[in-house]
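Values in this document were obtained by computation on a predicted structure and should not be read as measured data.
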Amino acid sequence: MRKKGIRQLIQAFPIVQERFPKATLEIYGRDWFFPDGSSYIEKLKKNELLQLGKTANAIHFHGAISYELIPIKYAEAAVCVFPSHMETQGLVAPEAMAMEKTVVFTKLGPGIETISNFETGLLCDPLNPNEIAEKIIWVLSNKEKSVLIGKKAREFVINKYDLNIIVKKNVEFYNSISEK
């Protein structure tokens with residue numbers, strides 16, 4: 001959770017709430033523990049949320065959820081935000097994109113391979129809470145454009161991750177190296 005950019009997302013949230021006072025931040029995922037055994041979520045609650053005043057009441061930690069609930073939570077979201085500092089080609093962004101959700105994703109690591117900025121999602125600097133907030137506000141302020149981005153995102157994910165396409169590419173790759 002520490003490398004997932006949750007602290008910066010929490011820091012961005014008061015800026016979002018200035019424009020959208022009824023917005024809530026729903027955080028899902030397992031806790032991360034420091035070498036001394038202390039909880040990262042508890043540290044965030046003590047250090048970050050205490051400084052936010054009433055905004056803290058709109059931030060909810062849900063912990064890890066079952067795979068069956070993930071699509072339900074994506075469907076409930078107005079925007080899915082994943083400002084990871086470090087990421088492999090994770091599944092969260094493509095999963096949300098497959099559900100036609102507008103995604104704000106890190107511009108680090110696989111972000112630029114996963115999302116074309118303002119076409120199939122939005123990219124942000126995960127270390128910059130102001131930029132994270134700007135992107136969330138853009139999505140919430142541009143509902144019609146966000147719907148189009150969500151549709152393009154789904155089309156992109158289906159084309160890129162379709163099992164038949166992946167199998168065909170893998171077979172072609174293996175054939176090309178076995179001929180050498």
**Student:** Could you give the distance from CZ (Arg7) to NZ (Lys43), rounded to the nearest 0.5 Å?
**Tutor:** 7.5 Å
**Student:** Would you find more than 12 non-hydrogen atoms of other residues, nucleotides or ligands less than 6.0 Å from Lys168 atom NZ?
**Tutor:** no
**Student:** For the side chain of Ser146 and the backbone of Val139, is there at least one donor-acceptor N/O pair under 3.5 Å apart?
**Tutor:** yes
**Student:** Which pair of non-hydrogen atoms, one from Phe13 and one from Ala58, has the smallest distance, and what is that distance?
**Tutor:** CE2-CB, 3.9 Å
**Student:** Is it possible for you to say whether Trp32 and Phe61 belong to one hydrophobic cluster, with membership spreading through side-chain heavy-atom contacts below 4.5 Å?
**Tutor:** yes
**Student:** How far does CG of Leu148 sit from CD of Glu119, to the nearest 0.5 angstrom?
**Tutor:** 12.0 Å
**Student:** Is Val167 reachable from Ile158 through a run of hydrophobic residues whose side-chain heavy atoms are each under 4.5 Å from the next?
**Tutor:** no
**Student:** Are any side-chain N or O atoms of Thr120 and backbone N or O atoms of Ser116, one a donor and one an acceptor, separated by less than 3.5 Å?
**Tutor:** yes
**Student:** Output the distance between atom CD (Glu76) and atom NZ (Lys101), rounded to the nearest 0.5 Å.
**Tutor:** 9.0 Å
**Student:** Would you confirm whether Asn142, through its side chain, and Lys145, through its main-chain N or O, come within 3.5 Å as a donor-acceptor pair?
**Tutor:** no
**Student:** Closer than 3.5 angstrom, by distance alone: can the side chain of Gln11 be matched with the main-chain N or O of Pro129 as a donor-acceptor pair?
**Tutor:** no
**Student:** According to a 4.5 Å side-chain heavy-atom criterion applied to Ile, Leu, Val, Met, Phe, Trp and Tyr, with indirect links allowed, do Ile70 and Phe105 form part of one hydrophobic cluster?
**Tutor:** yes
**Student:** Is there a path of hydrophobic side-chain contacts, each under 4.5 Å between heavy atoms of I, L, V, M, F, W or Y residues, that connects Leu91 with Leu163?
**Tutor:** no
**Student:** Determine the minimum heavy-atom distance between Ser141 and Arg19, stating which atoms define it.
**Tutor:** OG-NH2, 3.2 Å
**Student:** Show, in sequence, the C-alpha distance, side-chain angles and deciding distance for Leu9 and Glu48, and conclude whether the side chain to side chain contact (heavy atoms under 4.5 Å, CB included) test is met.
**Tutor:** CA-CA 11 Å; Leu9 179 56; Glu48 302 298 330; over 6 Å; no
**Student:** Indicate yes or no for a side-chain donor-acceptor contact from Asp31 to the backbone of Tyr40 under 3.5 Å, with no hydrogens or angles considered.
**Tutor:** yes
**Student:** Output the distance between atom CD (Gln8) and atom OG (Ser84), rounded to the nearest 0.5 Å.
**Tutor:** 10.5 Å
**Student:** Side chains of Lys169 and Ile165, heavy atoms from C-beta outward: is any pair under 4.5 Å?
**Tutor:** yes
**Student:** If only atom types and distance count, is the side chain of Gln17 paired as donor or acceptor with the main-chain N or O of Ala23 below 3.5 Å?
**Tutor:** yes
**Student:** Rounded to the nearest 0.5 Å, how far does NZ of Lys151 lie from CD1 of Ile149?
**Tutor:** 13.0 Å
**Student:** State, yes or no, whether a side-chain contact exists between Phe118 and Lys135 at a heavy-atom distance under 4.5 Å.
**Tutor:** yes
**Student:** Would a 4.5 Å heavy-atom cut-off, applied to side chains only, mark Lys107 and Glu131 as touching?
**Tutor:** yes
**Student:** When rounded to the nearest 0.5 angstrom, what distance separates CD1 in Ile136 from CD1 in Ile15?
**Tutor:** 9.5 Å
**Student:** For a side chain to side chain contact (heavy atoms under 4.5 Å, CB included) check, start with the C-alpha distance between Thr24 and Ile59, then their side-chain angles and the critical distance, and finish with the verdict.
**Tutor:** CA-CA 6 Å; Thr24 62; Ile59 299 173; over 6 Å; no
**Student:** Starting from the C-alpha separation in whole Å, work towards a yes-or-no answer on side chain to side chain contact (heavy atoms under 4.5 Å, CB included) for Leu25 and Val16.
**Tutor:** CA-CA 10 Å; Leu25 179 57; Val16 173; over 6 Å; no
**Student:** What pair of heavy atoms forms the shortest contact from Cys124 to Val104, and how long is it?
**Tutor:** SG-CG1, 3.9 Å
**Student:** State, to 0.1 Å, how close Ala98 and Val157 come at their nearest heavy-atom pair, and which atoms those are.
**Tutor:** CB-CG1, 3.9 Å
**Student:** Quick check on the hydrophobic clustering: are Ile115 and Tyr161 connected, directly or via other members, by side-chain heavy-atom contacts under 4.5 Å?
**Tutor:** yes
**Student:** So, for Val103 and Ala96, which heavy atoms are closest and what is the spacing to 0.1 Å?
**Tutor:** CG2-CB, 3.7 Å
**Student:** Evaluate the side-chain proximity of Thr106 to Leu123: yes if any heavy-atom separation is below 4.5 Å, no if none is.
**Tutor:** no
**Student:** Please give me the minimum heavy-atom distance between Thr102 and Val79, naming the atom from each residue.
**Tutor:** O-CG2, 3.5 Å
**Student:** Checking side chain to side chain contact (heavy atoms under 4.5 Å, CB included) for the pair Ile41/Lys45: CA distance, chi angles, key distance, verdict?
**Tutor:** CA-CA 6 Å; Ile41 290 175; Lys45 288 178 180 178; 3.7 Å; yes
**Student:** Quick check on Glu155: does its CD atom have over 12 non-hydrogen neighbours (other residues, nucleotides or ligands) under 6.0 Å away?
**Tutor:** no
**Student:** Decide if atom CD of Glu172 counts as having more than 12 heavy atoms of other residues, nucleotides or ligands within a radius under 6.0 Å.
**Tutor:** yes
**Student:** Mind checking whether His62 and Tyr28 have parallel, tilted or perpendicular rings, split at 30° and 60°?
**Tutor:** parallel
